[in-house]
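Note: hydrogens, waters and symmetry copies are ignored here, and every other heavy atom, side chains too, is used.
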Amino acid sequence: MTWFDRFTGTGDQPDGRDDRNGLILSAVAHGLLILLMVFGFSSAPDNAGPVQVELWAKGTVAEAAPPEEQPEEVPPETPETPETQPPEPEPEPPKPDDAEQKAAEAAQAEAARQAEAARQAQLAEAQARAEAAAKAQADAEIALAKERKAREEAERLAQEQAAKAKAEQEAAQAAKAAAEKAAAEKAAQEKAAREAAEKAAAEKAAREKAAAEKAAADKAAAEKAAAEKAAAEKAAEKAAAEKAAKEKAAKEAAEKAAAEKAAKEKAAKAAAEKAAAEKAAKEKAAKEAAAKREALKAAMRGAANEAAGIPNGNADHNQRGGGGNDGYAAKVRACVQPGVIYNVPPRSGSANPTASFRTRLDSSGKVQGVDLSRSSGDPRFDDAVRKGILACSPFPKPPSGRYPSYIDVDYRMYD
């Protein structure tokens, strides 16, 4: 891109900007002409006559207006001055000679002629500059037109080349597609022929295989029938032998069962006698152990009973109803029993399952912990008693007014 293209913006621009560039050049040329005219008028004599300049531009050009008539200069009015005494008249100078007056007039005429010649030269120079500017503008417009035409021609050639290349590409693609289609059709025909041949060979092999399998099956069926017949005969012999063995074994089993029954009856009688003896011994041992535990507990509860203010007893009386303080025992019983939720089964015999707990209390009688001392043998009953003791918090206040650190509670199922 040249300096002129960068200045005017004509390089690689659409056609819409060409007119704008022409207007810019025209405005620049007119500006130069106006500057030249102003310079010429400012340097011309005061009595210069009208000057007419022709400006050429793209499009319609308005005709230059005729020069306006210069108004006659009116001499400025002089302010009035106060009247003064006229000076003394001076003596008139001597009149010049006619030769001197003619020489002065000739010099004045020569000066006017030279001034007119200078003015004409300036006007001619201004007109030449204006014509040069107009010619430069016309040359620029012609150059722009040529450049636009060249660009349009280049664009047309580029479009034709692109269209030709596109047509050639489409033709090549069409030829390639046709060749690929023909190759695909040929491959499909060859594949169909190959599959038909393979199918015929497979059908033939299947027929031969079926015939061979049928012959083998017939042979196997015949052999199987003969084997089954022999097996049936052998099974009949075996069944007869087994029947005889079973009858013999059944007879021996009956004799053995009779002997075992007699032995079992004798052993059951001995076991019953032994179980009765063991039961009696266990009941006796349980009573003795219970008596020992009661004695040991009575000895260990001495300090707690004394601190609770219960003489000769403890909280287990809430089940028996005895002891030295039946009123406090009744209070404990009334507090614990509502929390014991358990379906008591019907009583059988003299056994009375008992769950023993050591209940830890704080100074306000609230339950701090419940420890199982002795199980009743029924975990569900033990858990129900534990929940009843925990629900009784705080415990009823002892007669002494002070709570012991723990109270042993024995809860019996049938009391």
Side-chain angles (χ1 to χ4, degrees), residues 271-361 365-400 403-415:
E273 293 175 354
K274 183 179 180 181
E278 290 177 352
K279 183 179 179 181
K282 286 182 180 179
E283 290 178 353
K284 182 178 180 181
K287 289 179 179 179
E288 292 176 354
K292 290 180 180 179
R293 283 195 301 271
E294 291 295 334
L296 181 60
K297 286 175 63 177
M300 293 179 66
R301 285 198 298 261
N305 294 335
E306 182 178 357
I310 305 175
N312 301 325
N314 68 353
D316 64 351
H317 294 146
N318 67 340
Q319 297 296 322
R320 295 192 301 272
N325 194 335
D326 291 340
Y328 184 69
K331 290 180 181 180
V332 174
R333 179 172 60 252
C335 182
V336 174
Q337 279 183 344
V340 180
I341 302 173
Y342 179 76
N343 294 327
V344 180
R347 189 171 184 176
S348 60
S350 60
N352 189 6
T354 302
S356 298
F357 290 91
R358 172 159 290 185
T359 306
R360 299 189 302 277
L361 307 175
K366 292 183 179 178
V367 178
Q368 299 298 309
V370 180
D371 299 325
L372 179 64
S373 303
R374 185 182 62 189
S375 175
S376 65
D378 187 346
R380 292 187 298 110
F381 179 67
D382 295 344
D383 187 60
V385 175
R386 180 193 299 275
K387 291 179 180 179
I389 295 173
L390 290 172
C392 179
S393 183
F395 259 51
K397 199 167 187 179
S400 64
Y403 286 99
S405 60
Y406 67 91
I407 293 178
D408 291 326
V409 177
D410 296 334
Y411 196 95
R412 296 178 177 79
M413 186 180 293
Y414 295 107
D415 288 350

Pro338 and Ala334 have their tightest heavy-atom pair at CD-O, 3.0 Å
Do you know the tightest heavy-atom contact between Val367 and Cys392?
CG2-O, 3.5 Å
Sequence neighbours left out, what passes salt bridge (Lys or Arg N to Asp or Glu O under 4.0 Å) with Lys397? Give chain and number order.
none
Heavy-atom closest pair (Pro394 atom, Cys335 atom, distance to 0.1 Å) is O-SG, 4.4 Å
Measure the CG-CZ distance between Asp408 and Arg374 for me, rounded to the nearest 0.5 Å.
11.0 Å
For Ser376 versus Asp382, what's the shortest heavy-atom pair and its separation?
OG-OD1, 2.7 Å
Can you tell me how far apart CD1 (Ile389) and CZ (Phe357) are? Round to the nearest 0.5 Å.
5.5 Å
Residues Asp378, Tyr342; criterion side chain to side chain donor-acceptor pair (under 3.5 Å); working and verdict
CA-CA 11 Å; Asp378 187 346; Tyr342 179 76; 2.5 Å; yes
Derivation and outcome, side chain to side chain contact (heavy atoms under 4.5 Å, CB included), residues Thr359 and Leu361
CA-CA 6 Å; Thr359 306; Leu361 307 175; 3.9 Å; yes
If only atom types and distance count, is the side chain of Tyr403 paired as donor or acceptor with the main-chain N or O of Phe395 below 3.5 Å?
yes
Sequence neighbours left out, cut at 3.5 Å: what donor-acceptor pairs do the side chains of residues 346-355 make with other protein atoms?
residue : atom : partner : partner atom : Å
Arg347  : NE   : Ala351  : O            : 3.4
Arg347  : NH2  : Ser350  : O            : 3.2
Asn352  : OD1  : Met413  : N            : 3.3
Asn352  : OD1  : Tyr414  : N            : 2.9
Asn352  : ND2  : Asp415  : OD1          : 3.1
Thr354  : OG1  : Asn352  : O            : 3.1

Counting distance only, does the side-chain N/O of Arg386 pair as donor-acceptor with the main-chain N or O of Val370 below 3.5 Å?
yes
Grab the two heavy atoms, one from Phe381 and one from Arg412, that are nearest each other, plus how far apart they are.
CZ-C, 4.1 Å
Walk me through it: do Tyr406 and Asp371 pass the test side chain to side chain contact (heavy atoms under 4.5 Å, CB included)?
CA-CA 11 Å; Tyr406 67 91; Asp371 299 325; over 6 Å; no
From Ile407 atom CD1 to Tyr328 atom OH, the distance as rounded to the nearest 0.5 Å:
4.0 Å
Rounded to the nearest 0.5 Å, what separates atom CD in Gln368 from atom OG in Ser405?
11.5 Å
How long is the gap from NZ on Lys366 to CG on Leu390, to the nearest 0.5 Å?
14.0 Å
